[in-house]
Amino acid sequence: MPAIPRNRVTLLPLAPLLTLAVLLVPVGAGLAGVLAPAFGWFPALGGESLSLGPWRALLAWPGLPDAVWLSLFTGLGATAVSLLITVMICAAWQGTRSFGLIERALSPLLSVPHAAAAFGLAFLIAPSGWIARGLSPWATGWERPPDLLITQDPLGLSLMAGLVVKEVPFLLLMTLAALGQVPARRSVLLAQTMGYGRMAGWVLTVFPRLYVQIRLPVYAVLAYSCSVIDVALILGPTRPSTLAVQVLEWLSDPDLGLRFQAAAGAVLQLGLILGVLLLWRLGEHVVARLGCACVRMGHRMARDGAMRALAMALALIMALAVGLGILGLAVWSVAGFWTFPDLLPDQFTWRNWARQGDGLARIAVETAVIGAVATGISLILTVACLEAEYRHGLRPSTRALWLLYLPLIVPQATFLIGLQTLAIGTGWTGARAAVIASHVIFVLPYVFLSLSDPWRSWDARQGLVAASLGAGAERVLWRVRLPMLLRPVLVAAAVGFAVSVGQYLPTLLIGMGRVSTLTTEAVALSSGGDRRLIGVYALSQTVLPLLGFALALALPAVVFRNRRGVLDRG
Amino acid sequence: MAAGLELDHLTITLGDRRLVDLHQTVAPGEVLSVMGPSGSGKSTLLSVLIGRPDPGFDVSGRVRLDGRDLSGLGPEARRIGLLFQDDLLFPHLSVGENLAFALPSTVKGRTARQARIDAALEAAELAGFAGRDPATLSGGQRARVALMRCLLSAPRALLLDEPFSRLDADLRRQMRDFVFGRVRAEGIPAILVTHDLEDAVAAGGKVISPLGEVRQTGRPA
């Protein structure tokens with residue numbers, strides 16, 4: 001290990017602590033800030049004694065059972081379906097050339113913000129959307145958009161679909177990252193030589209070992225799906241909506257007294273998620289039992305051709321749904337008059353963009369600045385943590401990984417409301433800096449997760465060589481390690497930037513309407529239903545993270561155009 | 001129609017380089033050793049026999065098992081067992097479940113299946129190990145379980161991919177005796193792929209290179 005100069009005070013060993021504080025203090029403070037008003041304590045609004053009043057008000061709301069049921073059903077459903085599709089795709093195709101195709105088709109979906117994907121899907125499946133247009137009037141006989149409730153259906157099916165198309169790429173990526181630790185190819189081959197079908201072999205021999213590695217991401221998906229707000233505002237049912245959306249409605253009500261009830265609802269949301277996680281954990285045991293029973297009986301399930309084809313079809317449908325959805329956004333954004341059931345507008349026009357002109361540019365710049373600063377802070381903390389780990393051997397335990405996931409598992413709708421309450425108390429709302437700080441809480445885990453593997457697998461002998469040539473630890477970091485890892489560092493930055501651009505609730509609650517980003521603007525437009533305007537904002541929201549990824553891939557290729565070794569490694 | 005594993009003018013080429021050229025029949029209970037340094041085409045031969053050839057290789061000739069042409073069949077339909085140098089026991093299953101995984105579903109009934117597993121464990125001198133976590137077994141024990149697992153799936157032929165290279169000298173001798181003994185007892189043809197002459201000779205059969213040059217003729221078993 002390279003020597004650290006003795007005469008210099010180094011703050012590096014404190015980096016992991018600082019990072020954990022950045023993640024955990026807001027979550028803890030936010031929980032405290034929501035628990036107090038949930039039990040009547042909110043001095044600014046005259047609540048100076050503890051009471052169960054907020055809970056009584058919450059329970060008296062007649063929509064509560066339906067809203068709770070809806071949150072549970074859509075959250076659990078979306079997670080189970082996403083995991084099932086991910087497993088099907090991997091079981092059917094992992095290790096084949098077709099899998100590379102699926103990977104290339106699905107991984108770009110990761111950069112698409114949830115809201116934009118939801119809008120795109122809505123434009124596709126709505127009664128006046130592309131699917132209905134494509135089938136009309138020759139197959140359906142519709143001359144006008146039919147009076148059907150497809151998006152915002154009362155069961156929340158379109159909400160689930162909107163979540164699934166975004167969560168499958170995420171779970172797939174997490175699965176791919178975990179695959180390196182399991183001898184998947186040989187395990188499946190071994191099962192096949194015993195007569196097992198490829199899918200059965202993968203599910204029985206590889207999946208149980210993989211699941212241990214992707215358990216935290218799955219929990220994050222579960223918590224997110226149960227408490228999501230932006231996607232639910234776009235695709236979810238109304239009257240009642242999901243609990244999280246209802247809580248937000250109470251929070252934005254002019255009647256400030258409803259804030260108590262909202263806080264109680266937010267605490268209930270947290271309880272709900274803990275319950276769902278517990279339920280999921282029990283489900284894991286049941287599935288493991290079933291798997292073992294299956295193994296003991298020895299059924300080979302060798303005929304899986306149809307299932308494999310289905311898995312491929314599902315992957316392509318998802319890629320198409322998002323891809324065509326984004327294309328739909330683009331077409332609407334330049335659409336003039338557009339009659340049903342024509343597939344394309346009668347005229348194309350830049351007017352929709354021109355009308356937004358300055359406002360759009362200002363908001364895009366605001367979004368980019370918030371994203372860039374939040375990503376920069378996250379990147380510095382992440383590199384400091386990883387470097388501290390390397391120089392001082394401060395390797396995080398599995399438990400620390402749990403802490404990293406905490407902001408992704410504790411629902412945003414709960415602790416951000418508490419944070420907002422605290423921020424109002426300290427007068428810190430509406431400031432761009434506060435919004436950036438709230439974004440860091442969510443950007444940091446993703447930056448850390450995407451950079452830690454490449455950082456740790458860097459060949460440490462390169463550092464030894466540099467040190468033996470007289471380079472100090474700082475010089476090794478800046479002149480050897482960071483340049484060699486330029487590509488993964490930039491990709492991690494692009495991931496963080498995309499996460500920041502996609503954030504809805506932190507901007508809304510901490511910005512208090514005074515800071516707006518492309519996402520908050522787009523989601524705010526959803527109730528108005530002006531598709532051209534939605535197209536403009538949702539498309540801008542999609543393009544911004546894509547630019548980040550393009551830059552992350554292009555920059556190293558230019559910088560190291562004559563250094564093939566760096567690019568191959570990265 | 002011949003019983004056993006028949007390589008009928010099997011050649012594998014990569015570009016204009018010939019890696020494998022074999023015309024051999026392995027009789028039931030016999031072990032054919034294919035010996036050569038790494039990169040000599042041994043693993044390519046295995047992947048072709050198993051039905052998962054790597055792309056880029058040209059394969060000609062036929063492989064027959066008990067008279068059945070295996071062309072076009074995937075690994076799940078060939079009934080050729082495979083033993084790697086790592087035991088590859090599934091760590092999420094108990095020893096007994098690892099064996100149950102291999103036992104065909106045509107063996108029906110909980111007691112009948114358990115009896116077969118117990119018998120297999122007994123044959124490996126591991127009676128009573130069914131409930132154990134594979135991680136608690138010694139290297140030799142794990143290797144024996146891996147072989148029994150392979151045999152329980154009732155393969156019609158066996159491929160041994162350097163199965164002894166990870167074992168130390170003492171264990172290696174025991175394991176060789178165990179594996180070759182079981183192969184003879186079960187009466188199935190086996191191909192051993194190795195770079196170790198001692199392993200190849202201990203198999204007791206013919207020793208050849210991937211290109212078919214005979215290194216040693218088989219001694220009568």
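Residue numbering restarts at 1 for every chain, and letters A, B, ... go by the order of the sequence lines.
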Any donor-acceptor N/O pair, B/Asp66 side chain to B/Ala3 backbone, under 3.5 Å:
no

Using non-hydrogen atoms only, which part of [X] is less than 4.5 Å away from chain A: side chain, backbone, both, or neither?
X	result
B/Leu93	side chain
B/Arg78	neither
B/Ile50	side chain

N-O pairing of A/Arg456 and A/Glu389 below 4.0 Å
yes

What I want to find out is whether B/Asp199 reaches B/Arg172 closely enough, with some N-O distance under 4.0 Å, to be called a salt bridge.
yes

Who wins among A/Met194, A/Arg97, A/Arg300 for the most heavy-atom pairs under 4.5 Å with chain B?
A/Arg300

Between A/Ser187, A/Gly298, A/Ala288, A/Cys292, the one whose heavy-atom pairs under 4.5 Å with chain B are most numerous:
A/Gly298

Are there more than 12 heavy atoms of other residues, nucleotides or ligands under 6.0 Å from atom CE of A/Met307?
no

Which class fits the ring pair B/Phe101 and A/Tyr196: parallel under 30°, tilted 30 to 60°, perpendicular over 60°?
parallel

Could you check which of B/Gly51, B/Pro104, B/Ser94, B/Gly81 has the highest count of heavy-atom pairs closer than 4.5 Å to chain A?
B/Pro104

NZ or CZ of B/Arg149 within 45° of B/Phe90 ring axis and under 6.0 Å
yes

Which bit of A/Ala191 is near chain B, if near means a heavy-atom gap under 4.5 Å: side chain, backbone, both or neither?
both

